[in-house]
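Take a look at the structure below.
These numbers come from the heavy atoms of this one structure, side chains and all, not from hydrogens, waters or symmetry mates. Residue numbers start from 1 in every chain, and the chains themselves are labelled A, B, ... in the order their sequence lines are given, proteins ahead of strands.
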Amino acid sequence: MKSRFAPSPTGYLHIGGARTALFAWAWAKKQKGSFVLRIEDTDRERSTQASVDAILDGMNWLGLDHDEGPFYQTDRFDRYKEIIQQLLDEDKAYYCECSKERLQILRDELTEKGEKAKYDGCCRDKKLNSGVVRFKNHLEGFVSFDDAVKGLITIGNKELDDLIIARSDGTPTYNLTVVVDDHDMKIDTVIRGDDHINNTPRQINLYEALGWQLPEFAHLPMILGSDGARLSKRHGAVSVMAYRDEGFLPEALLNYLVRLGWSHGDQEVFSLVEIVELFELKNINKAPASFNQEKLIWLNQEYIKKASTEYLIQQLQWHLDYQSVDISNGPEFFRVIEHLQERSKTLVEMTNGLKMFYQDFSEFDEKLAKKQFKDSQPIELLMNKLSALEDWAANNIKDQIKQVCDELEIGFGKIGQPFRLALSGNGNAGNIDIVSELVGKKRTLERLQMALDYISQSCN
RNA sequence: GUCGCGUUCGUCUAGUCCGGCCCAGGACCCCAGGAUUUCAUCCUGGUAACAAGAGUUCAAAUCUCUUACGCGACGCCA
């Protein structure tokens, strides 16, 4: 068994493409088959090396490894030429010299008449020998195929026209190259977006004209944006790598994507191993699905909570580099990660949360500071006690805070909140005693002093 | 416009093949309580859907038909 992912390199790997790749990958892995990566770059105008690299990067980040390829269609032009010539020789294709202008006028006329815009077969029997090459489609009859997700689909040949299989410069077009490649590469399961359903009957006719055996088709419904329109840039990030940048774990994205259009009962969380084990084409939904970032965030958080600190540290590296955070001057990194793990939805959030342990800051959040930094007495007392503390450990720090509460007869909030703000600068911190321990004695005292300075300044 | 595909809570979905166990279950979000040293986490509870109509049947989310709406395709793009 063999499946493939065949993107055209005209941009980055987007969410929809990634899901198609994931499904094709999962199905191949489940069958212990082979997963082929093929770059469909026959459009020389729009294909770029940068896009090829971006797609490879995306696949790599997601961990969707291919067993064969990547193959490039531009490397196979001789083979396509051979097939085109064969079709020409067998009178199954013909040259057409109709100008683009004539074609456009034809389309406009037909559309105006309320008919389907299709080529009228003008050059069909002219026996020309230059121009584009068109495939001779059947004029009558129907094409039927049993789609693995959509079921039986039937389209009349009357709806199809004589499609162009070679441009006037001799280069082959999509419908020809997919058929030749899928056949030559022995792809037996074609998994792709359902925007290709309309192409399928044409391709089937091509398969038959060449006397080749048909693969099984599985057409995946589209992914829509929150407004029900096809997912596009205006819905926010659509590039897979943008999700890495925003702090998502690849397995969380994969898990989210696999549940978009596929399900296994009520199960929501799937490890990669489970995806491969449980995946079934027949459980794919026929209806399109809307992308919902909230649920992705939830899943991401679940994965962060369950991840090992080693893994998080590894995944965090990119974000540390990106934000130029130096973790050499501060507490042991894994302890900070453990502390942040329970309270971070994304790696970006985590990166922001860990800065307070390694970087000094010069200003407090203004709103919070106004609210929390009013009374200097508790802070001064705490500072005195803490500076005398020799064993800088969370438990001991906690005791000192308690003593401050007892001595001044105040509640925990009166000192806890200002302390939290002093330590973090923005109020975002977990258990105050642990945070303080991790921040370290020197920095803790410096920050408390900063808080006192703030109070004395705002009093004047 | 023509053809194709689709339609269960706001969103992702279970159930649809083989009609009764579904006055429709789970998850995200949201809301209300509880626990907690902010946040986060955790626990308990709640709101909320079978697109509409007709038919078949003792019985329909499930079968049939019609309508509506949405999406896709209609390139010398893939």
Polar atom pairs between nucleotides 41-45 of chain B and protein, under 3.5 Å, N or O only, would you list them?
unit_1: B/U41; atom_1: OP1; unit_2: A/Gln301; atom_2: OE1; d: 3.4
unit_1: B/U41; atom_1: OP1; unit_2: A/Gln301; atom_2: NE2; d: 3.3
unit_1: B/U41; atom_1: O3'; unit_2: A/Lys305; atom_2: NZ; d: 2.9
unit_1: B/U41; atom_1: O2'; unit_2: A/Glu342; atom_2: OE1; d: 3.2
unit_1: B/C42; atom_1: OP1; unit_2: A/Lys305; atom_2: NZ; d: 2.8

Can you tell me how far [atom2] of [N] sits from [atom1] of [X], to the nearest Å?
X: A/Glu268; N: B/C29; atom1: CD; atom2: C1'; value: 13 Å
X: A/Tyr256; N: B/C29; atom1: OH; atom2: P; value: 12 Å
X: A/Asp147; N: B/G6; atom1: CG; atom2: C1'; value: 13 Å
X: A/Ile432; N: B/A40; atom1: CD1; atom2: C1'; value: 14 Å
X: A/Asp108; N: B/G75; atom1: CG; atom2: C1'; value: 13 Å

Check: A/Thr173 side chain, B/C76 base, donor-acceptor under 3.5 Å: no
Polar side-chain contact A/Asp266-B/G25 base: donor and acceptor under 3.5 Å: yes
Watson-Crick or G-U wobble partner of [N], both distances under 3.5 Å:
N: B/A40; result: none
N: B/U66; result: B/A52
N: B/G4; result: B/C71

Contacting residues from residues 128-138 of chain A, given that a heavy atom lies under 4.0 angstrom of RNA chain B: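 Heavy-atom cutoff 4.0 Å gives A/Val132.
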Interatomic distance at C1', B/C30 relative to B/U47, whole Å: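 Nearest-Å result for B/C30 against B/U47 at atom C1': 9 Å.
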OP1 or OP2 of B/C74 under 4.0 Å from side-chain N/O of A/Arg107: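 So the side-chain polar atoms of A/Arg107 never come under 4.0 Å of the phosphate oxygens OP1 or OP2 of B/C74.
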Distance below 4.0 Å between A/Ser290 side-chain N/O and B/U11 OP1 or OP2: no
Does one side chain, of [X] or [Y], offer a donor that lies under 3.5 Å from an acceptor on the other?
X: A/Gln315; Y: A/Tyr303; value: no
X: A/Glu251; Y: A/Ser271; value: no
X: A/Arg76; Y: A/Gln73; value: no

Could you please name the option among [options] that lies closest to any side-chain atom of [X]?
X: A/Asn292; options: B/U37, B/C3, B/C28; answer: B/C28
X: A/Thr42; options: B/A78, B/C76, B/A27; answer: B/A78
X: A/Asn199; options: B/A78, B/C3, B/G26; answer: B/A78
X: A/Met222; options: B/C71, B/A73, B/C76; answer: B/C71
X: A/Lys116; options: B/C74, B/G6, B/U13; answer: B/C74
X: A/Lys398; options: B/G26, B/C29, B/U37; answer: B/U37

Option passing side chain to side chain contact (heavy atoms under 4.5 Å, CB included) with A/Asn137 (candidates A/Asp161, A/Asp162, A/Val143):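 In the set A/Asp161, A/Asp162, A/Val143, the residue that makes a side chain to side chain contact (heavy atoms under 4.5 Å, CB included) with A/Asn137 is A/Asp162.
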With a 4.0 Å cut-off on heavy atoms, is [X] in touch with a base, just the backbone sugar-phosphate, or nothing at all?
X: A/Gly427; result: base
X: A/His219; result: nothing
X: A/Leu260; result: sugar-phosphate
X: A/Asp169; result: nothing
X: A/Asn285; result: sugar-phosphate
X: A/Gly430; result: base
X: A/Lys113; result: nothing

Which atom pairs, one a donor and one an acceptor, fall under 3.5 Å between side chains of residues 394-401 of chain A and the rest of the protein, sequence neighbours left out?
unit_1: A/Asn396; atom_1: ND2; unit_2: A/Asp391; atom_2: O; d: 2.9
unit_1: A/Asn396; atom_1: ND2; unit_2: A/Asp391; atom_2: OD2; d: 3.4

Would you please name every residue forming a side-chain contact (heavy atoms from CB on, under 4.5 Å) with [X], sequence neighbours left out?
X: A/Asp53; value: A/Gln49
X: A/Leu368; value: A/Asp365, A/Leu421
X: A/Asp75; value: A/Tyr72
X: A/Ser376; value: A/Glu380, A/Leu452, A/Ile455

Restricting to side-chain hydrogen bond (donor to acceptor under 3.5 Å, both in side chains), what partner residues turn up for [X], sequence neighbours left out?
X: A/Arg134; answer: none
X: A/Glu159; answer: none
X: A/Lys305; answer: A/Glu302
X: A/Arg19; answer: none

Quick test: give all pairs of protein nitrogen or oxygen and nucleotides 30-32 of chain B nitrogen or oxygen below 3.5 Å, distance rounded to 0.1 Å.
none

Most 5' of A/Gln73 and A/Lys118 on RNA chain B, judged by nearest nucleotide: A/Lys118
5'-most by nearest nucleotide on RNA chain B - A/Ala287 or A/Leu103: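 Nearer the 5' end of the strand: A/Ala287.
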Mutual orientation of the aromatic rings belonging to A/Trp262 and A/His264 [parallel < 30°, tilted 30-60°, perpendicular > 60°]: parallel
